[in-house]
Amino acid sequence: MNENDEMLAIILAGGQGSRLGKLTKSTAKPAIPFGGRYRIIDFTLSNCANSGIDTVGVITQYQPLELNAHIGNGSSWGLDDQNGGVTVLQPFSSTEGEKFFEGTAHAIYQNIEYIDQQNPEYLLVLSGDHIYKMDYRKMLEYHKAKKASLTVGVIPVTTEEAKRFGMMNTDETDRIIEFEEKPEHPKSNKASMGIYIFNWPTLRNYLTTSFSTNKKLEDFGKNVIPMYLANNESTYAYSFEGYWRDVGTIHSLWQANMEFLSPHNSLNIGDHNWRINSKAQVLPPMFLTNTSNVNNSMIVDSCYVSGEIDHSILSQRVSVGSGSKVVDSMIMPGATIGKNAVVDHALIGEEAVIGDDAVVKGTTDDIAVVGYGEVLGVKKS
Amino acid sequence: MNENDEMLAIILAGGQGSRLGKLTKSTAKPAIPFGGRYRIIDFTLSNCANSGIDTVGVITQYQPLELNAHIGNGSSWGLDDQNGGVTVLQPFSSTEGEKFFEGTAHAIYQNIEYIDQQNPEYLLVLSGDHIYKMDYRKMLEYHKAKKASLTVGVIPVTTEEAKRFGMMNTDETDRIIEFEEKPEHPKSNKASMGIYIFNWPTLRNYLTTSFSTNKKLEDFGKNVIPMYLANNESTYAYSFEGYWRDVGTIHSLWQANMEFLSPHNSLNIGDHNWRINSKAQVLPPMFLTNTSNVNNSMIVDSCYVSGEIDHSILSQRVSVGSGSKVVDSMIMPGATIGKNAVVDHALIGEEAVIGDDAVVKGTTDDIAVVGYGEVLGVKKS
Amino acid sequence: MKHNTVSAIINLVEPWESLEPLTTERPVGTLPFGGRYRLIDFPLSSIANAGIRNVMITSPRSGRSVSDHLRSGNDWNLDTIRGGLFNFPYNDLSLVSPEKRDNLIHHYYDNTILFLKRSNSEYSVIMGTRNICNIDLSALLRYHQERDNPVTTVYKSIEADDIEPDTTVLQVTDNGMATAIVPASNTNVSPTDNGKLAKSLNIYLMSTVDLIDILKEANMRGDLISLERLMLQAVIQHNANAFEYTGFYANIHDIKSYYDASMSVLSEDNFRALFYSQRRIYTKVKNEIPTFFAKSSQVKGSLCGTGGYIEGKIDHSVIFRNVFINRNTEIADSVIMQGTRIGAGTTIENAVIDKNVVIGPNLKLKGTPDNPLVIGKGKRIFRQTEVTND
Amino acid sequence: MKHNTVSAIINLVEPWESLEPLTTERPVGTLPFGGRYRLIDFPLSSIANAGIRNVMITSPRSGRSVSDHLRSGNDWNLDTIRGGLFNFPYNDLSLVSPEKRDNLIHHYYDNTILFLKRSNSEYSVIMGTRNICNIDLSALLRYHQERDNPVTTVYKSIEADDIEPDTTVLQVTDNGMATAIVPASNTNVSPTDNGKLAKSLNIYLMSTVDLIDILKEANMRGDLISLERLMLQAVIQHNANAFEYTGFYANIHDIKSYYDASMSVLSEDNFRALFYSQRRIYTKVKNEIPTFFAKSSQVKGSLCGTGGYIEGKIDHSVIFRNVFINRNTEIADSVIMQGTRIGAGTTIENAVIDKNVVIGPNLKLKGTPDNPLVIGKGKRIFRQTEVTND
């Protein structure tokens with residue numbers, strides 16, 4: 001880290017994201033394309049860079065090839081500082097054996113050597129699979145002002161939603177007094193965003209003690225927060241008010257893409273003061289032929305459109321043949337849609353091929369999914 | 001890879017190198033410092049760059065932190081090509097489970113997805129732990145001229161040495177007819193350098209077939225070469241004549257460093273047409289005080305020398321106090337030697353501390369080793 | 001000197017007067033083209049695709065547009081330790097005052113010679129930017145190596161009827177050697193049997209040693225002539241192998257030729273030939289958001305860059321990055337460059353609108369195919385009287 | 001505009017005449033110093049260490065040495081997408097012919113203003129290169145923010161007796177404000193009670209908005225004066241906070257001061273103060289092999305760069321990278337720059353030998369501490385008569 005830096009960010013990008021079904025069969029969830037030009041982890045990486053954080057460790061484990069190639073040396077986000085930058089942390093072996101990561105906190109523990117090298121005062125732990133814009137500096141200021149040992153980012157949710165989240169019950173000073181995982185009867189509306197600021201020496205002490213005594217703190221939600229509360233560590237909730245989406249399911253991923261399409265989306269992707277960057281690629285401009293018809297849609301570089309696109313997102317290198325109709329869908333990079341096909345309420349994976357006259361039709365409640373490289377309805381010649 | 005490239009290089013840098021004892025407790029063998037300014041893997045990486053190879057996969061597994069930080073994005077070797085460059089390949093998990101690497105060939109098999117993405121015609125497999133300069137283009141030309149399926153780099157050794165190597169017995173056309181691992185009675189002087197050029201489609205086929213049928217081709221020497229010979233694949237030996245050293249033991253590592261000191265060493269480190277590059281670091285110049293006395297030695301940036309240095313190599317940031325004597329030794333980066341100490345026939349690990357008046361004395365047959373960060377003979381105050 | 005290695009020089013000192021106002025503030029080489037590129041991207045990409053890593057740019061003036069676009073050369077793979085991009089400005093001799101020429105004589109070629117020596121390359125290729133093509137320089141090198149002449153130059157076969165009199169063609173002998181490069185109007189040049197002329201692409205390949213000799217001799221003679229004229233002389237003096245290029249080609253020498261070239265890329269065949277060959281075209285990387293097409297938009301037969309917001313009707317046009325097209329606009333057969341905003345209800349036809357222009361609402365901008373209307377960079381137009389339509 | 005961000009301008013247009021022949025082919029800013037650095041590395045490192053990412057360099061001439069050294073700025077962390085290094089050559093007004101000045105007036109400040117606007121920074125710092133120091137610019141910013149004056153400038157307290165009459169000092173009021181920067185010989189400036197003067201370090205910090213105003217006003221007045229003089233005017237007009245710098249300091253204004261500064265770094269305290277503070281000094285990265293010290297070598301009290309081959313005797317000297325010192329040579333109290341070769345049996349004393357010099361065998365090169373012998377870049381000396389020893 002640079003001499004003036006006091007906070008190291010660790011992005012947990014190792015999860016399989018099995019609720020995304022076929023989409024994460026051959027890639028990690030944070031590498032899933034979003035919004036035509038992005039991958040999910042771009043939001044977290046850009047937030048780090050925009051928050052002035054120079055040193056970021058990305059912990060990966062599951063199918064990391066695409067994610068690692070995407071992250072590269074971090075230069076796409078300005079995270080290629082000589083004294084910092086992005087480091088990808090993957091399982092390895094040592095004289096103590098093979099080090100796979102069993103849970104969020106365990107992943108931190110297994111990479112303690114890297115964190116010690118950076119020697120941070122504060123450790124910012126982030127997920128790689130949320131869509132939001134957030135200035136982590138403000139959260140750090142809050143953490144310092146509260147003299148907290150741990151600060152947890154929280155977002156208000158409805159009572160109904162609260163049943164699916166880890167909920168933080170706080171006193172009037174915002175100190176967390178109770179943590180409930182997916183409560184049947186929520187006592188607060190503060191859902192954990194999976195964003196934590198720890199005083200690193202304290203967390204380090206808890207982790208090393210627990211793993212040397214077999215009381216393993218494997219997961220932040222399940223183990224670490226309860227232990228912090230039990231030990232009366234000063235633990236505070238930091239409320240975030242902006243746009244935030246967990247895109248961990250097919251439906252939420254589709255939903256967030258459709259929200260992204262709205263020019264009035266409060267995510268405000270066009271804001272020049274908080275750019276979301278992605279891996280830079282040079283591709284030819286999009287080509288719209290004489291038979292194309294595009295409405296309420298987003299299209300990017302190197303798309304070829306001969307058909308009708310309605311309220312949909314086409315990612316890079318997508319091709320849609322004449323007579324085809326794409327409605328309320330998100331098409332991932334490199335997918336090819338033939339002629340006179342119908343794609344409706346669908347997520348189409350990277351490099352998928354939809355043949356002429358094929359129909360992929362989902363509903364709002366049951367989004368159709370075509371997997372990466374899947375070939376559908378192509379007639380054999 | 002770039003469109004004109006036909007060969008992908010894979011460097012196997014995953015081994016623990018347990019014969020290097022304490023030196024590889026916390027780091028991988030290819031990351032061990034050599035010759036004052038280098039790490040062992042620099043030679044292989046520089047050979048790749050100088051041979052016009054743009055795309056290199058480095059397979060790591062054991063204590064990779066230092067190695068990965070050293071390799072970075074490959075720019076130190078010019079291996080940061082947009083369509084290629086260095087990719088570090090580390091264990092990961094997939095829907096098929098966790099992918100640790102069980103042997104040299106198995107490591108290739110586990111990374112088949114990466115290699116397929118590069119789509120090479122030829123696969124160059126290298127070790128990350130040899131000191132040599134070699135133009136792999138010439139070996140590829142030989143491989144093509146012989147219409148070989150596999151070409152193995154070999155080096156002439158004495159009959160005595162042959163008992164410790166994998167030996168290739170060839171016919172008069174240099175075709176390999178027999179492979180013997182550490183033969184009691186060597187029939188040839190051609191020792192395998194652990195350098196292979198494979199026709200990738202053929203090797204891919206052997207690997208996928210073997211691992212799907214449980215006849216596992218885990219190791220190149222033990223399994224793959226014998227199977228190639230058994231199946232009558234055209235397998236040739238390519239003879240290399242220059243300087244080549246396996247630095248896999250304490251003694252050979254020390255020996256190669258001492259050879260490196262000679263201005264007449266045939267490695268010819270100063271040759272501008274075949275530069276060995278290393279990770280660039282900016283450090284202040286070396287400072288030799290009024291009491292220093294340096295003979296027959298190599299010293300680099302940021303060393304501070306007050307003592308006597310005789311036939312030794314000091315790496316970056318090494319400090320030797322007044323009255324101390326360093327003889328026939330190699331001191332790794334950041335080590336500190338106090339006053340009036342003696343270091344003789346020794347390898348001193350990175351960041352080690354040798355206290356005032358301490359004596360570290362080995363012999364030609366039994367080189368003394370001080371481990372990374374080890375503190376020796378420092379009196380408590 | 002390394003076997004088979006090539007270094008490249010891109011000469012940005014090219015005639016620009018007929019392209020005004022598009023070239024008032026930039027050399028021809030940084031003229032935007034094809035929705036997201038600049039002309040220099042085409043030779044630079046050919047160079048990058050051939051694995052050439054040492055490139056020198058000779059710029060006429062200080063040219064902020066050149067260094068802004070090229071930066072470290074990273075976008076063309078040119079900032080590795082194995083080579084680099086060297087930008088030498090102030091090579092336009094017409095800008096040098098007569099009394100300073102004498103002092104300059106012994107310095108003028110120094111930068112180039114030093115670059116060539118340091119490049120340690122066996123061959124050098126010299127290119128301009130006003131002939132758009134996507135050439136395989138590795139094939140050119142092989143062609144050169146298989147033949148005896150010290151210089152190889154490149155042409156495209158063009159119908160004699162299609163060629164403009166002020167462009168240059170190779171004078172080719174029966175055995176395929178170029179003996180001179182002359183204006184097409186030159187009476188010594190006659191079309192081949194099938195009525196074609198060999199249009200010069202202004203690309204030259206030779207051994208680096210020979211090029212250094214040519215530069216040194218010019219230096220000794222005290223000639224302060226341009227690199228381009230030096231190459232023409234070299235062809236006359238040494239004869240040259242003539243290499244035929246057969247891919248997409250366009251020559252940019254005035255407003256109409258720029259407009260025609262832009263429109264020609266809207267043909268799907270040309271678009272694919274130029275941009276989807278095995279040899280990719282690289283340019284400066286930009287992180288733009290997706291282009292949004294509103295419900296009211298109607299876009300047909302057009303190229304669009306990213307970052308745009310389109311509400312209006314666009315037909316057969318090239319729209320660059322970050323363009324804002326308001327509702328009820330109608331744009332046809334036009335080029336709209338980066339950052340330009342078109343007001344509601346405005347009609348634009350046969351026009352070239354440069355970067356960062358603002359066109360107010362309810363205006364009519366109309367050129368003709370033969371005489372396209374041009375609006376210069378950064379102009380703000382809010383009244384019909386500010387535009388002279390054809 | 002982002003909170004607390006700073007952009008920086010390094011002005012390489014500095015007086016160079018008294019440093020000839022060392023400055024014949026380079027600006028003062030690229031003078032080699034301290035065994036492997038150039039003077040510009042010190043301000044650039046202060047900038048990098050303060051996390052500043054937008055830097056503009058104003059160079060006097062084309063200056064191959066400047067762009068060769070800086071390249072993309074990567075060595076100082078300046079080529080990320082969060083900022084960049086902008087090199088604008090041709091800022092030496094003395095080189096502009098009088099008839100062109102009128103045309104230049106409205107362009108002269110444009111590059112700087114454009115850079116400042118694009119940097120989007122709240123503050124700007126302006127530095128030269130001839131005052132070597134390792135300053136904490138974050139501390140300077142805090143000092144500025146805590147005070148009311150629009151400009152903050154920097155000084156080093158120096159014994160009045162040690163100061164040379166032609167250097168500049170701050171005229172400081174009792175409450176610590178600088179009201180002017182004047183030659184030390186100025187009669188209005190008297191030493192403080194403890195006999196010290198406030199030597200100006202030629203560093204200025206102010207809000208970017210104010211700096212743009214200063215540049216615009218100068219533009220409107222038609223003043224074609226240098227950035228350095230503009231800063232002196234700003235101090236007089238606005239008063240300035242005077243910030244005291246207490247670390248290692250040396251001023252380079254002629255051969256003797258360059259020689260003295262080089263020798264002063266050979267004191268271990270100075271060496272550590274300059275190079276081993278928390279704030280590292282960055283420079284262009286070079287991949288050199290280790291320096292080999294032969295059996296016959298005897299090196300005492302000296303700095304050495306890498307890539308060298310030392311057979312001779314070296315005492316109290318600064319030896320740069322890639323220097324070859326043959327057997328039986330004796331070098332004392334001297335500076336030997338990069339790539340230079342010293343023949344066998346030659347004696348060198350109180351000398352400064354520039355880059356890539358070749359000194360033949362059995363010669364005697366001898367200056368004095370007050371008048372060091374200087375051998376210019378690339379010279380080849382094989383006869384004793386070619387050297388004028390003191």
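Labels below follow one simple rule: chain letters A, B, ... track the order of the sequence lines, proteins then strands, and each chain is numbered from 1. Just the heavy atoms: all of them, side chains too, but no hydrogens, waters or symmetry mates, feed the values below.
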- [ ] Scan for salt bridge (charged side-chain N to carboxylate O under 4.0 Å, His left out) pairs involving residues 292-309 of chain B, sequence neighbours excluded, and state none if there are none.
- [x] D301(B)-R36(D), E308(B)-K325(B)

Open item on the list: Taking the ring centre of each residue, are F248(D) and F271(D) less than 6.0 Å apart?
Closed with: no

Open item on the list: List the residues meeting side chain to side chain contact (heavy atoms under 4.5 Å, CB included) with P30(B), not counting sequence neighbours, and say none if there are none.
Closed with: A13(B), A28(B), I41(B), L67(B)

- [ ] Output the residues of residues 308-326 of chain D for which the shortest heavy-atom distance to chain B is under 4.5 Å, in residue-number order; output 'none' if no such residue exists.
- [x] Y309(D), D315(D)

Task: Choice from H311(B), Q316(B), M286(B) maximising heavy atom contacts with chain D below 4.5 Å - done: M286(B)

- [ ] Could you pull out the closest heavy-atom pair between C304(D) and P285(B), with the gap in Å?
- [x] O-CB, 3.3 Å

Task: When C303(B), P263(B), S315(B) are compared by non-hydrogen pairs under 4.5 Å with chain D, the top option - done: P263(B)

Task: Within the 6.0 Å centroid threshold, strictly below: F34(B) and F43(B) - done: yes

- [ ] Tell me, out of V294(B), I309(B), V300(B), V305(B), who's got the most heavy-atom pairs with chain D below 4.5 Å.
- [x] V294(B)

Open item on the list: Quick check for you: among S76(B), G35(B), S278(B), which has the greatest number of heavy-atom pairs under 4.5 Å with chain D?
Closed with: S278(B)

- [ ] Identify whether NZ of Lys or CZ of Arg in R272(D) sits under 6.0 Å from the centre of the six-membered ring of Y304(B) and within 45° of that ring's axis.
- [x] yes

Task: Option that, when pairs with chain D are counted at under 4.5 Å, heavy atom only, ranks first among I299(B), T291(B), I269(B) - done: I299(B)

Open item on the list: Tell me if the aromatic rings of W77(B) and H70(B) count as close, with their centers under 6.0 Å from one another.
Closed with: yes

Open item on the list: Please classify the contact between S302(B) and chain D as side chain, backbone, both or neither, with a heavy-atom cut-off of under 4.5 Å.
Closed with: both

Task: Counterpart residues, side chain to side chain contact (heavy atoms under 4.5 Å, CB included), relative to N68(B) (two or more places apart) - done: T60(B), P64(B), V88(B), Q90(B)

TODO: Report yes if the side chains of N257(B) and L253(B) come closer than 4.5 Å at any heavy-atom pair, otherwise no.
DONE: yes

Task: Contacting moiety of L303(D), where chain B heavy atoms sit under 4.5 Å - done: both

